[in-house]
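We're numbering straight along the sequence, starting at 1.
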Amino acid sequence: MSTPHDSVHGSSPTPPAEGWITTPLAEELLRGALELERTAQGVQPHRLPARARAQAADGQLAMAEAQPSGVRLVLRTRATAVELDVLRTKMAYEGAPPRPDGVYDLLIDGEPAGQTHAPDGNVMLMDMATGSAELRPGPVGTVRFTGLPDRDKRVEIWLPHNEMTRLVALRTDAPVTPVAPGDRRVWLHHGSSISHGSDAASPTTTWPALAASLGGVDLVNLGLSGSALLDPFTARAMRDTPADLISVKIGINLVNTDLLRLRAFAPAVHGFLDTIRDGHPTTPLLVVSPILCPLHEDTPGPSLPDLSTLDEGRLRFTAMGDPEERATGKLTLNVVREELVRVVEQRAAEDPYLHYLDGRKLYGEADHAELPLPDALHPDAATHRRMGERFAELAFGTDGPFTG
């Protein structure tokens, strides 16, 4: 298979050229989004439905669910060139090193075939000292992939997992048709920024995307940075989303936001799982506890940025809690794991489709010694790959809860 040349075209949308075809951006061309919002600036993919968004008066969640982790255009075409006009919103942090541009991954018939990024766009500047945010508007840009093989093929463009993205226009030099879902099982996953993608290299190399590829399933990723908080509206969204396999990764955000105490934690987990089961009574459901994070194994939250590290050109987080506060019901990762084991064992007595996975099997002590968390909270690109491979083996492999 020939390898396309990937490039970024200009800082503004390219006017349609003669012979090019503009295809409306409709639901049937997108996978991984729960809803599309039509706006004056294009189509906004959402990973939570409007009702859930209306119940979440939280800027962090609004930003996270609009970052299209796992969302991709999927089409069939003979086109040798594809252009996508987009309006991105890139995050930046006052005083912190610049974040890399979001990556667009191209797959042809399931194989990696190119990468690029979008020029210009908006910048959301965050001040971690004050919590303020400033939106700096920018223009629409054009992403272009050229040199695609001249044959009928399946084309996927995975949108950046870490940039809010509005889709403005899709152009090709040959007609496109939607791709029917087919017979691949749908895996619905919910988790924190680690599941969202944190510091993965690209949208197809977040650990859930890698695991889905290895497991031969279609991913719907509800990894929501900073927002895996057992919110009832998220559980209802999962209840109402068609899925053949479901997993929920619970714990780190509850600790690092210091949101719940021990008394409320187990009932909240029960309620979250009850709601999912209302819509998926016999679907394989895997509860995953937190990966190893020494910062919070035995020290409660909240965790906050250590602003002193910005002077060194890097960012690290620190735990603000006191281990003695466990006696008053504050959560740590070890406490969370103990409670999740108890809850799953209790429920599994009547629910044979419920399973548990200790997150330290994805990333544990030996992994931390080799690949420490760069900012003390989030795995790097190499760790995402390791976690994706391990999840695929443990969940989709022989005797795994998601075995086909």
Side-chain angles (χ1 to χ4, degrees), residues 32-37 39 43-71 88-93 99 102 122-128 130-135 159-166 188-200 203 206 208 219-241 246-260 264-265 268-269 271-273 275-276 288 290 301-305 317 331 336 377-378:
L34 297 193
E35 189 173 279
L36 296 185
E37 178 190 6
T39 78
V43 176
Q44 174 69 62
H46 287 286
R47 293 187 296 130
L48 285 176
R51 184 184 180 200
R53 302 196 303 273
Q55 293 181 358
D58 179 356
Q60 171 66 30
L61 179 58
M63 175 189 70
E65 71 84 28
Q67 292 179 341
S69 182
V71 179
R88 74 175 192 178
T89 299
K90 181 179 177 179
M91 305 302 299
Y93 296 90
R99 294 178 63 84
N122 303 329
V123 174
M124 181 69 74
L125 182 62
M126 309 287 293
D127 188 324
M128 290 179 290
T130 64
S132 63
E134 176 190 355
L135 179 64
L159 306 180
H161 62 284
N162 54 1
E163 291 181 349
M164 288 180 280
T165 303
R166 289 190 176 177
L188 174 63
H189 175 71
H190 171 55
S192 68
S193 59
I194 299 172
S195 297
H196 187 138
S198 58
D199 293 323
T206 68
L219 173 67
V220 178
N221 188 3
L222 296 189
L224 299 169
S225 179
S227 303
L229 299 171
L230 299 176
D231 288 314
F233 51 78
T234 301
R236 288 192 291 271
M238 298 183 72
R239 175 197 65 190
D240 298 337
T241 299
I246 300 174
S247 55
V248 290
K249 194 167 179 298
I250 299 170
I252 184 62
N253 286 161
L254 294 165
V255 173
N256 65 20
T257 59
D258 191 26
L259 186 68
L260 294 179
F265 176 63
V269 173
F272 198 87
L273 298 179
T275 299
I276 293 174
V288 187
S303 53
L304 294 174
F317 290 86
L331 297 179
V336 163
L377 275 182
H378 301 100

Completion exercise
Taken to the nearest 0.5 Å, the spacing of Asp258 CG from Leu304 CG works out to 10.0 Å
Completion exercise
Value for CZ (Arg166) from CE (Met164), rounded to nearest 0.5 Å, stands at 9.0 Å
Handout entry: Separation between OG of Ser198 and CG of Leu377, rounded to the nearest 0.5 Å
Key = 10.0 Å
Practice task
Mind checking the CD-NE2 spacing from Glu37 to His46? Nearest 0.5 Å is all I need.
Solution key: 4.0 Å
Problem - side chain to side chain contact (heavy atoms under 4.5 Å, CB included) partner of His161, the single match among Pro203, Ser225, Pro208 - result: Pro203
Practice task
Return the minimal non-hydrogen interatomic distance between Thr165 and Pro45, and the atom names on each side.
Solution key: O-CD, 3.2 Å
Problem - Main-chain N/O of Gln60 paired to Asp58 side chain as donor or acceptor, under 3.5 Å - result: yes
Practice task
Output yes when Arg88 and Glu163 qualify as a salt bridge under the 4.0 Å nitrogen-oxygen rule, no when they do not.
Solution key: yes
Problem - Carboxylate-amine/guanidinium proximity below 4.0 Å for Glu35 and Arg53 - result: yes
Problem - Residue pair His190 / Ser247, side-chain donor-acceptor N/O under 3.5 Å - result: no
Fill in the blank from the handout: Between Val248 and the options Leu188, Val269, Leu222, Ile276, the side chain to side chain contact (heavy atoms under 4.5 Å, CB included) test singles out Ile276
Problem - Residue pair His196 / Gln67, side-chain donor-acceptor N/O under 3.5 Å - result: yes
Practice task
Go through the steps to decide whether Leu48 and Leu61 satisfy the test side chain to side chain contact (heavy atoms under 4.5 Å, CB included), and finish with yes or no.
Solution key: CA-CA 10 Å; Leu48 285 176; Leu61 179 58; 4.0 Å; yes
Problem - Whether Gln44 side chain and Leu36 backbone form a donor-acceptor pair below 3.5 Å - result: no
Handout entry: Heavy-atom pair with the smallest gap, counting every atom of Gly251 and Pro290
Key = CA-CG, 3.8 Å
Problem - N/O donor-acceptor pair under 3.5 Å between Asn253 side chain and Ala228 backbone - result: yes
Exercise for the section: Write down the atom of Gly197, the atom of Thr206, and the distance for their closest heavy-atom approach. Expected result: CA-CG2, 3.6 Å
Practice task
Using only heavy-atom distances, determine whether the side chains of Ser69 and Asn221 contain a donor-acceptor pair under 3.5 Å.
Solution key: yes
Problem - Polar side-chain atom of Glu65 near backbone of Arg47 as donor-acceptor pair, under 3.5 Å - result: yes
